[in-house]
Amino acid sequence: MRFAPAPTGYLHLGSARTALFNYLAARSVGGVFLLRVEDTDLERSRPELVDVVYAALEWLGLDWDETPVRQSARLDAHQEAVEDLLARGLAYWSDPVPEGDRERTGGRAYDPADRDRNLGPGPGRAVRFRVDPLAFGAESVGWDDAIRGEISFELANIEDFVVRRADGSPTFFIANALDDAHMRVTDVIRGEDLINVTPKYLLLRSALGVASEDLRFAHLPLIVNEQRKKLSKRRDDVSLLDYRDRGFLSEAMVNYLALLGWGPPDGEEVRFDPLGEFASMFRIEDVGESPAGFDVRKLRHVNAEHIRHLGVAHFAERSRPFFAAVPWAGRYRDETFALVAGDVQTRVETLAEVPEYVDFLFLEDPEIDQASWDAAFAGDAPAWLAATLDELEGADWNSAELYSRTMALAEATGVSRKKFQAPLRVAVTGRRVGPPLFESMVVLGREESFRRIAGALDRVRHAEAAER
RNA sequence: GCCCCCAUCGUCCAGCGGCCUAGGACGCCUCCCUUUCAAGGAGGUAACACGGGUUCGAAUCCCGUUGGGGGUGCCA
């Protein structure tokens with residue numbers, strides 16, 4: 001099995017899923033997982049572009065066997081094959097037909113009459129493969145797709161396609177067919193969007209004398225967006241590594257990607273060792289045939305599950321890079337975060353959300369969210385806060401004591417615990433949502449907590465004064 | 001236009017002729033728990049596109065219609 005991406009500067013989610021399914025298929029049957037970089041196009045062979053592919057696969061943990069094949073390194077073989085086709089009359093030189101002149105060719109970009117003109121090389125002239133029932137020995141090409149069953153195409157519907165461009169470079173069709181044979185690929189697993197190049201691939205193999213009988217094809221369903229369209233670079237977030245930067249764990253990505261078009265037979269969707277566990281139960285025939293909608297909500301859920309499964313120390317460690325990206329990065333302390341990491345872990349769906357959860361522990365004067373303030377400080381709330389301040393003056397500074405004293409006070413005041421803690425929370429953290437309050441206050445310390453409570457009380461007085 | 005593929009809850013996955021009163025997951029809603037929010041627990045909402053066959057029996061097989069998608073490049 002092989003994964004054969006064209007380096008485009010990022011690894012597309014769909015490509016990542018294709019790579020994953022190739023990997024799982026290979027590992028499930030003890031096969032070999034190969035990599036081939038399809039850099040036929042000069043543009044695409046720049047090292048940076050290629051390295052991105054490797055980096056992305058490594059991040060996912062899809063380790064490949066053997067040294068990756070660079071398609072550009074096989075140029076001579078491709079050229080030779082083109083010469084061979086030419087020599088045997090299976091391909092011919094063809095002139096492009098300008099846009100305005102296509103009526104005579106039935107809308108085609110080439111003129112089928114060139115087939116018999118015996119043209120030689122010339123400016124702008126490409127080599128086309130002659131799709132010929134006589135040469136192929138049949139009127140149609142087809143194969144038994146592992147996922148979709150029998151698929152076939154009438155030769156009459158297949159155009160003579162370019163195998164060598166006017167600039168002399170061989171095209172994807174020839175390189176692909178040839179290199180798969182060269183690498184002794186037995187299973188071609190790729191996206192559904194390549195179904196219609198498969199006949200050309202088969203035709204070429206036949207013309208080149210490469211047997212295809214033992215070749216298995218599996219065309220995976222496309223991954224589509226909310227609009228049911230193929231994920232596009234323009235409208236969708238398609239770069240795999242961007243998900244890493246947005247706080248998704250690679251295990252979660254692997255886990256979720258595997259669920260697009262497939263599902264484990266036992267129905268247990270969330271796996272903490274998805275690569276290992278799925279490999280043992282994966283069967284390419286079980287992959288579905290209808291397009292799979294990419295659902296970020298579910299990805300987030302899977303990610304959250306994986307985050308919760310991490311040991312607290314690992315969670316803290318993997319969160320660290322996300323603190324570096326924040327404006328107050330300089331104030332961040334591992335030791336401080338470690339004290340609340342466990343409480344944050346169950347509350348986030350991505351690692352990118354971590355810093356905003358605990359920023360108040362690091363900022364000197366965290367910004368107070370106005371909506372939170374308005375909600376928390378309505379009515380008698382300022383009085384409760386003042387009372388809480390008094391009550392906590394003599395408290396031992398541990399969460400159990402802070403909790404029991406505050407709650408007892410709520411009880412005595414006849415206010416629900418939820419409402420009663422609101423002003424305290426907003427005073428201390430700036431928001432009405434966050435990690436457990438008393439634990440946070442312990443981390444902040446008595447002095448700082450009091451300072452913030454006093455600050456909030458001041459703010460109330462100012463507001464009142466302003467009203468008068 | 002032409003070629004090809006697809007069609008079960010909003011989404012993902014089960015279902016491969018009777019076990020389906022269609023199952024699980026995400027989301028959403030309700031309740032419980034609760035120091036906020038989460039997490040956790042208990043419920044609920046919601047689908048076989050349509051029409052013909054085949055069959056004792058169809059979500060499951062066949063045909064058609066409709067709908068969606070992909071391709072139609074001297075990109076891969």
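Scope of the values below: all heavy atoms of this structure, side chains included, with no hydrogens, waters or symmetry mates. Protein chains get the first letters and strands the later ones, always in sequence-line order, with residue 1 at the start of each. Just so it is clear, the model here is predicted, and its values are computed rather than measured.
Taking every heavy atom of both residues into account, Leu215(A) and Val185(A) meet most closely at CD1-O, 3.4 Å. Contact detail for Ala341(A) and Phe315(A): the closest heavy-atom pair is O-CE2, 3.4 Å.
Salt bridge Asp180(A)/Arg205(A): absent, no basic N to carboxylate O contact under 4.0 Å. Salt-bridge formation is not detected for the pair Glu192(A)/Arg17(A): no Lys NZ or Arg NE/NH1/NH2 atom is positioned less than 4.0 Å from an Asp or Glu carboxylate oxygen.
Relative to the ring axis of Phe248(A), Arg246(A) does not place its NZ or CZ within 45° and under 6.0 Å from the centre.
Taking atom NE2 of His301(A) as the reference point, atom C1' of rC26(B) lies 7 Å away to the nearest angstrom. Regarding Glu99(A), its CD atom lies at a distance of 13 Å from the C1' atom of rU72(B), rounded to whole Å. With rounding to whole Å, Arg36(A) atom CZ is found 11 Å from rA76(B) atom C1'. Straight-line distance from the CG atom of Asp160(A) to the C1' atom of rC74(B): 14 Å, rounded to whole Å. Taking atom NZ on Lys229(A) and atom P on rG68(B), their separation rounds to 9 Å, with Å as the unit. Nucleotide rU72(B) holds its C1' atom 13 Å from the CZ atom of Arg128(A), rounded to whole Å. Between Asp193(A) atom CG and rC75(B) atom P the separation is 17 Å, expressed in whole Å. For Tyr110(A) and rC74(B), the OH to C1' distance is 13 Å, given to the nearest whole Å.
Residue-to-nucleotide proximity on RNA chain B shows that, of Gly267(A) and Ala126(A), the 5′-proximal contact is made by Gly267(A).
With rounding to the nearest 0.5 angstrom, the CG atom of Leu85(A) is 11.5 Å from the CD atom of Glu80(A).
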Might you list the N or O atoms of the protein lying below 3.5 Å from N or O atoms in nucleotides 64-66 of chain B, with each pair's distance?
none

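A heavy-atom distance below 4.5 Å is found between the side chains of Glu38(A) and Phe172(A). Counting heavy atoms from C-beta outward, Val188(A) and Leu194(A) have side chains that stay 4.5 Å or more apart. Contact of the Trp384(A) side chain with the Thr413(A) side chain is registered, since non-hydrogen atoms from C-beta on lie closer than 4.5 Å.
The base-pairing partner of rA42(B), taking Watson-Crick or G-U wobble contacts with both distances under 3.5 Å, is rU30(B). When Watson-Crick and G-U wobble pairs are counted only if both distances are under 3.5 Å, rG64(B) pairs with rC50(B). With a 3.5 Å ceiling on both atom-pair distances, the Watson-Crick or G-U wobble partner of rA25(B) is rU11(B).
The same atom, P, is picked in rA46(B) and in rA7(B); the two are 25 Å apart, to the nearest Å. Using C1' as the reference atom, rC20(B) and rU8(B) are 12 Å apart when rounded to the nearest Å. Distance noted for atom C1' between rC3(B) and rG73(B): 16 Å (whole Å). rG27(B) and rC12(B) are spaced 11 Å apart, taking the C1' atom of each and rounding to whole Å. Of the C1' atoms belonging to rG23(B) and rG15(B), the separation is 8 Å, rounded to the nearest Å. When the P atom is used for both rC48(B) and rU35(B), the distance is 44 Å, rounded to whole Å. Comparing the same atom, C1', in rC62(B) and in rC2(B) gives a spacing of 26 Å after rounding to whole Å. Using atom C1' as the reference point in both rA14(B) and rC9(B), the two lie 13 Å apart (nearest Å).
Among the atoms of the strands shown, base atoms are found under 4.0 Å from some heavy atom of Val197(A). Within 4.0 Å (heavy atoms only), Ala422(A) reaches no atom of the nucleic acid at all. When heavy atoms are screened at a 4.0 angstrom cut-off, Thr406(A) is found touching no nucleic acid atom at all. When heavy atoms are screened at a 4.0 angstrom cut-off, Leu299(A) is found touching no nucleic acid atom at all.
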Under a 4.0 Å heavy-atom criterion, the protein footprint on nucleotides 32-39 of chain B, written with B, S and -, is ---BBBBS
With B for base contact, S for sugar-phosphate-only contact and - for none (protein heavy atoms under 4.0 Å), nucleotides 2-14 of chain B reads -SSBSS---SBSS
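Ring orientation note: the planes of Phe217(A) and Tyr201(A) are nearly perpendicular, at an angle over 60° on the 30°/60° scale. Classified by interplanar angle (parallel below 30°, tilted 30° to 60°, perpendicular above 60°), the ring pair Trp262(A)/Phe282(A) is tilted. Ring orientation note: the planes of Trp373(A) and Phe377(A) are close to parallel, at an angle under 30° on the 30°/60° scale.
The only option from Arg347(A), Arg431(A), Gln345(A) that meets the side-chain contact (heavy atoms from CB on, under 4.5 Å) definition with Tyr357(A) turns out to be Arg347(A).
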Quiz prompt | Thr388(A)/Glu391(A) under side-chain hydrogen bond (donor to acceptor under 3.5 Å, both in side chains): CA gap, chis, key distance, verdict | solution = CA-CA 5 Å; Thr388(A) 309; Glu391(A) 173 65 26; over 6 Å; no
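Of the side-chain N and O atoms in Arg165(A), none sit less than 4.0 angstrom from OP1 or OP2 of rG73(B).
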